[in-house]
Amino acid sequence: MKWYEKNKTEVLEELRSNMELGLSSEKIEERQLKHGKNEFAKAEKPSLIKRVFHHLKDISTIVLIIAVVMSFMLSLRHKESFIEPLVILSIIVMNLILAITQEGKAEKALESLADLNSPSCLVIRDGIRQEIDTVELVPGDIMVIETGSLISADARILESNSLMVDESSLTGESEPLEKNGLAIPEGKVPIAEQSNMLFSGCLVTAGNGIAVVTETGMNTQIGKIAGFLENTKKGKTPLQQRLDKVGMNISTIAIISAVILFIIGMIQGSDFWNMMLLAVSLAVAAVPETLSLIVTLTLSNGVKNMVKKNALIRKLPAVETLGNTSIICSDKTGTLTQNRMSIKRLCLYGENPVKDSDEFSQNQIEFLKMLACASNALIQIDEDGSPQYIGDATETAIIRLFHEKGLDKDQIEEQYPRVAEIPFSSERKMMTVIIEDPKGGYLVLTKGALDRLPFNKISLENKNKIQKLHDSFAHDALRVIALGIKHIDVLPSEDELESVEKDLDFSGIVGLIDPPRPEAIKAIKSAKKAGIRTIMITGDHAATAAAIAKELCILSEDQKAITGSDLEEMTDEELAASIEDYSVYARVAPADKIRIVEAWQKKGEVVAMTGDGVNDAPALKAADVGIAMGKTGTEVAKSASDMILTDDNFATIVEAVHEGRKVYSNIRKTIYFLLVCNLSEIFVMLFAQIVGWGVLVTPVMLLLINVLGDGIPGLQLSKEESDPRIMESMPVKRTESLFSGGLLHVIIQQTAICSLVVLAAYYVGSYLNIGIQNPSDEIGQTLAFIVLGWTSILHILTVRSRKSIFKRTFLDNPSLVISMACMLLALVIIVIVPSIRTALGLTKIELHHWLIALGLSIVPTIVAEIRKFIDNHSENSEYEELEYSYK
């Protein structure tokens with residue numbers, strides 16, 4: 001219903017309410033049953049079972065589950081130990097526990113940030129003014145509105161007195177809007193122009209009034225946006241898409257390899273169940289079961305580091321996605337700017353302009369005193385001694401500068417007592433205050449728009465000078481407020497007060513603007529250096545937005561600003577074609593923000609959207625990474641986001657991007673590490689079966705190597721530090737593969753070398769007569785086991801960096817070096833201790849065999865070092881540094 005079109009009598013009749021008495025207890029109870037509580041519908045949290053099944057959908061996890069079932073069946077049939085299926089099962093369980101607990105921690109942290117917008121409000125019920133919880137409001141309730149009130153429901157204004165409301169959280173407008181219960185707009189009127197309405201979540205900055213509640217809960221404007229979020233689906237992040245593809249490819253290779261191995265074995269006359277066990281083991285060996293675990297740990301480590309930097313991650317994949325961000329679509333008000341109107345320039349009649357930071361002359365101080373006398377804003381000192389400014393944004397800007405210049409408002413008011421006031425109105429665009437003149441008589445102070453103030457006759461030359469001064473302020477998107485003064489001897493009667501608003505002497509002007517955050521300017525420059533483009537999206541005026549964007553280094557000469565009305569006339573195809581031309585979007589609606597985000601995504605860009613208002617929430621959810629403000633952000637915005645800035649600092653985003661890039665780099669290292677290990681296992685097993693060598697290593701041996709050689713050292717890759725130059729390169733494109741930059745070639749190279757040395761080890765042990773021991777399959781298997789395990793462990797040194805392993809110190813990641821040393825020793829112990837050796841089907845080997853195994857195990861590292869040397873000394877190296885994965 002269009003409540004703004006009805007007069008107050010019609011509204012009260014429609015809602016069956018009374019302005020003086022409010023609602024009766026019976027009506028309140030009846031309406032609460034009908035309309036429910038004044039709160040948002042809370043999304044049902046998924047049960048533990050649902051969360052578990054969600055994480056079990058991963059293709060590599062499904063393969064592991066199948067392997068567990070088959071391995072259990074085979075162990076039962078052969079009456080063997082259940083070590084293999086239990087180890088695989090434990091890995092699956094660890095992955096689940098890590099993923100679910102990390103999500104739970106993020107949700108708890110979010111709940112701790114949650115803060116009720118307004119826990120109580122003042123209403124008239126049964127003829128009595130009383131304070132109630134906001135959730136108890138119902139349509140028809142009469143609300144009492146005062147300066148500082150946070151509106152608790154949508155309402156139609158019945159009475160108002162100089163009422164000003166900040167609707168920036170809903171509309172994006174940085175300027176408070178004047179509200180008037182007598183105004184009745186007609187036709188289709190946007191929210192920002194419904195001057196007789198109040199909206200939930202908005203702040204009263206000045207004045208007071210009485211209003212009747214028209215909508216509560218999900219029916220409010222905020223509630224409708226919150227409901228709209230449910231229809232905005234969140235797509236998979238680029239990392240999830242890449243890992244899904246890697247998982248699918250690896251699983252396909254695993255299954256095909258297992259089938260080939262099984263078929264070859266059956267052709268060669270091997271036992272059916274033995275080949276079935278071997279095929280299942282190969283499939284398990286081929287699937288990097290610790291990949292999901294290491295990725296989760298890497299992301300979790302990134303989350304911990306970001307919390308230290310005031311960024312709370314709600315969803316794990318957002319860590320890496322943020323690192324790949326190429327576009328940041330940022331709300332202006334409160335995010336890039338301080339959401340605090342400030343005087344930037346001041347100019348007295350006949351003088352040159354001065355900045356707010358300059359030393360003021362006595363005349364300028366007197367001018368500021370008169371401006372303060374003509375303002376109703378108040379100063380309150382908090383318990384910690386910091387000042388709080390309450391009132392209209394323009395007037396708080398005046399009082400803030402007044403206070404910063406060391407002046408005391410109470411003293412000024414004592415010196416110049418106020419005797420009368422003509423309130424500001426949007427029609428007149430000015431307000432007047434009459435104060436006592438210490439010299440006798442009264443001073444009339446009128447402040448407002450320069451073109452509305454009735455000045456004395458000014459010469460054409462001076463008039464042009466004043467207009468030129470005004471235009472120079474306006475050109476810089478400064479909002480201009482002028483002050484006119486005159487002396488009167490006699491105070492007119494209350495009915496004739498407005499007669500004093502004429503023949504004023506022009507005193508001077510001030511220029512105001514919502515200033516940009518200083519740290520935001522630096523952050524935007526850092527982001528640009530890292531190949532990230534910042535886009536400003538705001539509900540503010542185009543001229544103001546463009547001026548702020550230039551100051552923030554967002555809007556360059558070859559880029560343009562566009563308004564929401566112009567955007568509305570463009571089709572999605574036209575917007576997608578011209579999206580790169582625009583860096584500023586002004587006067588936009590929530591739906592426009594989603595269009596902008598999606599247009600950039602169609603270009604293959606990874607988009608982050610920042611914001612704090614309800615109007616930002618749908619775009620926050622549609623973006624690849626939604627970033628909400630923790631302090632000033634609404635609960636709707638926080639709930640729609642992937643990340644929350646607990647310090648509301650735009651600069652924190654750049655720090656988070658750095659952490660995200662490090663995470664992506666470490667995930668690439670993990671994939672490089674695990675694929676070489678697992679693919680070499682597949683190759684040697686298939687080759688041995690094809691040439692008739694039989695089983696190169698047993699299923700249990702494979703499993704041990706996967707856990708000890710790959711898994712435990714691999715977990716420490718999550719703690720690797722990134723290259724310091726990582727923020728000097730371009731973001732990874734959405735369509736770019738995890739194997740880009742020559743990584744696939746290096747994986748193939750190292751897989752081939754690792755496979756060859758393992759096959760060489762088996763051949764030496766099985767066929768070459770060296771020392772006192774005769775060659776045998778058992779010696780071959782034992783040597784293959786040792787070399788396969790050692791090469792896997794030593795391979796981690798290669799993947800750490802494209803620099804030589806000798807240029808990295810142990811202190812860079814001590815836990816990685818310690819885990820490596822422990823696992824190398826563990827494999828030695830397995831072969832040396834007779835009981836363990838016998839249980840695993842291994843045999844005792846001589847010293848020369850150990851030396852051969854050691855020599856073969858370091859060959860892949862030597863080959864990798866040679867490749868690194870060539871790459872790092874070549875002008876056209878195809879393969880970029882792993883930790884520097886952003887060209």
Side-chain angles (χ1 to χ4, degrees), residues 1-4 8 11 15 17 19 22-23 35 37-40 115-125 129-181 183 185 189-226 333-334 339 390-393 539 612-617 632-637:
M1 186 175 290
K2 296 179 181 178
W3 296 104
Y4 62 85
K8 67 178 185 180
V11 172
L15 293 167
S17 188
M19 190 170 77
L23 296 175
H35 299 282
K37 297 284 187 182
N38 178 35
E39 58 187 2
F40 296 154
D115 183 23
L116 287 174
N117 281 335
S118 181
S120 63
C121 59
L122 196 61
V123 297
I124 299 173
R125 286 182 172 180
R129 286 195 179 200
Q130 51 188 284
E131 198 170 291
I132 65 166
D133 288 341
T134 56
V135 295
E136 302 298 328
L137 279 174
V138 294
D141 257 324
I142 304 298
M143 288 197 302
V144 180
I145 309 299
E146 299 171 336
T147 301
S149 297
L150 199 61
I151 309 301
S152 309
D154 289 2
R156 169 66 162 85
I157 301 169
L158 303 176
E159 288 184 358
S160 59
N161 179 29
S162 303
L163 190 61
M164 303 290 289
V165 179
D166 179 359
E167 294 183 345
S168 59
S169 67
L170 185 64
T171 65
E173 290 273 9
S174 59
E175 285 287 323
L177 303 174
E178 183 186 7
K179 295 291 182 176
N180 185 357
V189 180
I191 290 170
E193 295 175 18
Q194 293 177 19
S195 56
N196 60 6
M197 294 293 295
L198 300 174
F199 300 102
S200 179
C202 299
L203 180 69
V204 178
T205 59
N208 54 68
I210 302 289
V212 58
V213 174
T214 55
E215 305 289 354
T216 59
M218 295 299 288
N219 293 321
T220 62
Q221 290 298 324
I222 287 182
K224 288 175 182 176
I225 294 175
T333 307
N339 198 16
I390 301 171
D392 167 79
D612 58 359
V614 176
N615 61 318
D616 300 319
T632 59
T634 60
E635 293 309 309
V636 176

Query - Spacing of SG belonging to C121 relative to CD belonging to E146, to within rounding of 0.5 Å - result: 11.5 Å

Query raised in the report: When rounded to the nearest 0.5 angstrom, what distance separates CE in M218 from CD in E39?
Result: 11.0 Å

Report summary line: Nearest heavy-atom approach of N196 to Y4 is ND2-O, 2.9 Å

Report summary line: Scanning both residues in full, the closest heavy-atom pair of A155 with A211 reads CB-CB, 3.8 Å

Query raised in the report: So which heavy atom on S152 is nearest to which on L137, and how close?
Result: CB-CD1, 3.5 Å

Query raised in the report: How far does CD of Q194 sit from CH2 of W3, to the nearest 0.5 angstrom?
Result: 13.0 Å

**Report entry** Reported CD1-to-CG distance for the pair I142 and L122, which is rounded to 0.5 angstrom
**Finding:** 12.0 Å

Requested in this report: For side chain to side chain contact (heavy atoms under 4.5 Å, CB included), just list the numbers for I210 and M143, CA-CA rounded to whole Å, side-chain angles, deciding distance to a tenth of an Å, and then say yes or no.
Outcome: CA-CA 6 Å; I210 302 289; M143 288 197 302; over 6 Å; no

Report task. List the steps and the verdict of side chain to side chain contact (heavy atoms under 4.5 Å, CB included) for I151 and F199. Result -> CA-CA 6 Å; I151 309 301; F199 300 102; 5.9 Å; no

Query raised in the report: Does the side chain of D166 come within less than 4.5 Å of C202's, by heavy atoms?
Result: no

Report task. Check step by step if side chain to side chain contact (heavy atoms under 4.5 Å, CB included) holds for E136 and D141. Result -> CA-CA 10 Å; E136 302 298 328; D141 257 324; over 6 Å; no

**Report entry** Atom of L15, atom of P139 and distance for their closest heavy-atom approach
**Finding:** CD2-CB, 4.3 Å

**Report entry** Distance, nearest 0.5 Å, that separates CG of L163 from CD of E178
**Finding:** 8.5 Å

**Report entry** Non-hydrogen side-chain atoms of L198 and V165 separated by less than 4.5 Å
**Finding:** yes

Query raised in the report: If every non-hydrogen atom of T214 is compared with every non-hydrogen atom of R156, which pair is closest and at what distance?
Result: CG2-N, 3.8 Å

Query - Any donor-acceptor pair under 3.5 Å from D154 side chain to E215 backbone - result: no

Query raised in the report: Which atom names give the shortest non-hydrogen contact between T220 and A153, and what distance separates them?
Result: CG2-CA, 4.4 Å

Query raised in the report: Between K179 and E167, is the closest basic N to carboxylate O distance under 4.0 Å?
Result: yes

Query raised in the report: Is there side-chain contact between R125 and I132, with at least one heavy-atom pair below 4.5 Å?
Result: yes

Report summary line: Rounded to the nearest 0.5 Å, the CG atom of N161 sits from the CD1 atom of I145 at a distance of 13.5 Å

Query raised in the report: Applying the side-chain contact (heavy atoms from CB on, under 4.5 Å) test to V138, which of N38, L23, V213 qualifies?
Result: L23

Report task. May I have the step-by-step check of side chain to side chain contact (heavy atoms under 4.5 Å, CB included) for N180 and I157, ending in yes or no? Result -> CA-CA 7 Å; N180 185 357; I157 301 169; over 6 Å; no

Query raised in the report: Should M19 and V212 count as side-chain neighbours, where that means a heavy-atom distance under 4.5 Å?
Result: no

